[in-house]
> 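Sharing a structure, written as structure tokens. Questions coming.
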Amino acid sequence: MTAHPGTADTAAKIVPQDVPAHASAGGTEAPVFYETKEHHAESSTMLGFWIYLMSDALIFAVLFATYGVLGRNYAAGPSPADLFDLPLIALNTALLLFSSITYGVAMLEVEKRRMGLTLFWLGVTGLFGLGFLGIELYEFHHLIEQGAGPQRSAFLSAFFALVGTHGLHVTFGIIWLVTLMFQLPKRGFIPENRRRLLCLGMFWHFLDVIWIGVFTFVYLMGVLLA
Amino acid sequence: MSAQSERQNTVEHHDTDDHDDAGAHHGSFKDYLIGFFLSAVLTAIPFWIVIYDVFRNPMVGAVVILIFAFVQIVVHMVYFLHLNSKSEGGWTVLALIFTSILVVITLAGSLWVMSHLDANMMPMSPAHMRSMP
């Protein structure tokens, strides 16, 4: 072992038991590992989930582009100004924003390992999510009842495709949330559950980001430029 | 032996830190509160602009609310998704930049190409329209 100090030191990190302690490293000192745990798996899950969200953003980009191209083709039917009820959309936006912050509060309770409060805030988040879905379904029902269903015009087809896809995401988010609310008390704050909560949190906040695009591009600009 | 004690500290830090889900994903309550208030303001102003017809020229209003939307998306990314250039060694930001470029190409490209296609279509008279299949 006549390697120069630099290589001996790096080798010590990888296979410390095979390399005799270096003179300057302190003689009888036990080998020191920089990595005491395997973090890689968890960290790559978060990155992978983020990349899934980015691909989901591309799906929404295509639906937004479709709406942008077809959104003025009313086929002599109703226009956004005739159909959209902006105060209702403002209420819906508020519900989704509230659900985002209550999810954040739930995550803070997870860090403090308080099960009861975590479940409470997750429940509140779910209720806001359900409120959002309820209003959206009411709106869709109201439109279809007026004869402004997806088959009425290209504008309405694009509208239902875009807003419906977002609503479907929220639906699956709520199903995921309820699943975790059962899993959490049963298994506790194990790393797997915390990882799942982090992923759902990213998903939930991401849906709020998409909704910013929806209420601006579809509802507000639709009414403004109709 | 400062290097030795530094190593020891690293080890101790890892021992006490039992949640290995990379600190970058957590925000403080203050972060969420700032994000919430900014979002509330950035949402309320566009709704106010449209409902009360603040701008005489609707195109100006449209550009203004698009800017508000863009700012609010950045606010959500920073305060709710806790995105920063350091999380995951910069890969999340890189993926986001790549996605943003694709989104801009998709949106701007579709609108641009289809509006030109529309403008170059042969004009149709109402009589032609009526005899369409």
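Computed from a predicted structure; not experimentally measured. Just so it is clear: chains get the letters A, B, ... in the order the sequence lines come, proteins before strands, and each one is counted from 1.
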> Picking from Ile51(A), Leu97(A), Val62(A), Ile89(A), which has the most non-hydrogen pairs under 4.5 angstrom with chain B?
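The candidate making the most pairs under 4.5 Å is Leu97(A).
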> Donor-acceptor pair, Asn193(A) side chain versus Gly188(A) backbone, under 3.5 Å?
yes
> Over 60° means perpendicular and under 30° means parallel, so classify the ring planes of Phe155(A) and Phe159(A), tilted if in between.
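Rings of Phe159(A) and Phe155(A): tilted, as their planes differ by 30° to 60°.
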> What orientation do His76(B) and Phe80(B) show, parallel under 30°, tilted 30 to 60°, or perpendicular over 60°?
perpendicular
> Should the ring pair Phe98(A) and Phe128(A) be called parallel, tilted or perpendicular, given that the plane angle runs from 0 to 90° and is split at 30 and 60?
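Ring orientation, 0 to 90° scale: parallel.
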> Provide the closest heavy-atom pair for Gly129(A) versus Val170(A) in the form atom of the first, atom of the second, distance.
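Looking at all heavy atoms of both residues, the closest pair is O-CG1, 4.3 Å.
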> What part of Tyr103(A) gets closer than 4.5 Å to chain B, counting heavy atoms only: side chain, backbone, both or neither?
neither
> Does Phe60(A) form a side-chain contact (heavy atoms from CB on, under 4.5 Å) with Thr165(A)? I'd like the steps, not just the answer.
CA-CA 8 Å; Phe60(A) 280 108; Thr165(A) 303; 3.9 Å; yes
> Name the option with the most non-hydrogen atom pairs under 4.5 Å to chain B; the candidates are Val110(A), Leu53(A), Leu225(A).
Leu225(A)
> Can you tell me which portion of Ile210(A) sits under 4.5 Å from chain B's heavy atoms? Options are side chain, backbone, both or neither.
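Nothing of Ile210(A), per the 4.5 Å heavy-atom cut-off to chain B.
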> Which residue, Phe84(A), Tyr219(A), Phe215(A), forms the ring pair (Phe, Tyr, Trp, His ring centres under 6.0 Å) with Phe47(B)?
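For Phe47(B), the ring pair (Phe, Tyr, Trp, His ring centres under 6.0 Å) check succeeds only for Phe215(A).
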> May I ask you to list the residues in residues 115-127 of chain A that approach chain B closer than 4.5 angstrom, counting heavy atoms only, ordered by number?
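If one takes a 4.5 Å heavy-atom cut-off, no residue of residues 115-127 of chain A lies near chain B.
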> Please check if any side-chain donor atom of Asp118(B) sits under 3.5 Å from a side-chain acceptor atom of Ser115(B), or the reverse.
no
> Working note: Phe206(A) + His169(A), criterion ring-ring contact (aromatic ring centres under 6.0 Å, His included); need CA distance, chi angles, decisive distance, verdict.
CA-CA 10 Å; Phe206(A) 169 77; His169(A) 276 75; 7.4 Å; no
> Heavy-atom distances under 4.5 Å only: say whether Thr93(A) touches chain B with side chain, backbone, both or neither.
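The side chain, not the backbone.
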> Below 4.5 Å from any heavy atom of chain B, which atoms of Leu220(A) appear? Answer side chain, backbone, both or neither.
both
> Counting only heavy atoms closer than 4.5 Å, note whether Leu66(B) contacts chain A via side chain, backbone, both or neither.
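Contact with chain A involves both backbone and side-chain atoms of Leu66(B).
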> If you count heavy-atom pairs under 4.5 Å between each of Asp53(B), Ile65(B), Val103(B) and chain A, which one has the most?
Ile65(B)
> For chain B, which candidate among Trp50(A), Trp204(A), Phe189(A) shows the most heavy-atom pairs at distances under 4.5 Å?
Trp50(A)
> Looking only at heavy atoms, which two atoms of Gly131(A) and Leu95(A) are closest? And how far apart?
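Between these two residues, the closest heavy atoms are C-CD1, 3.6 Å.
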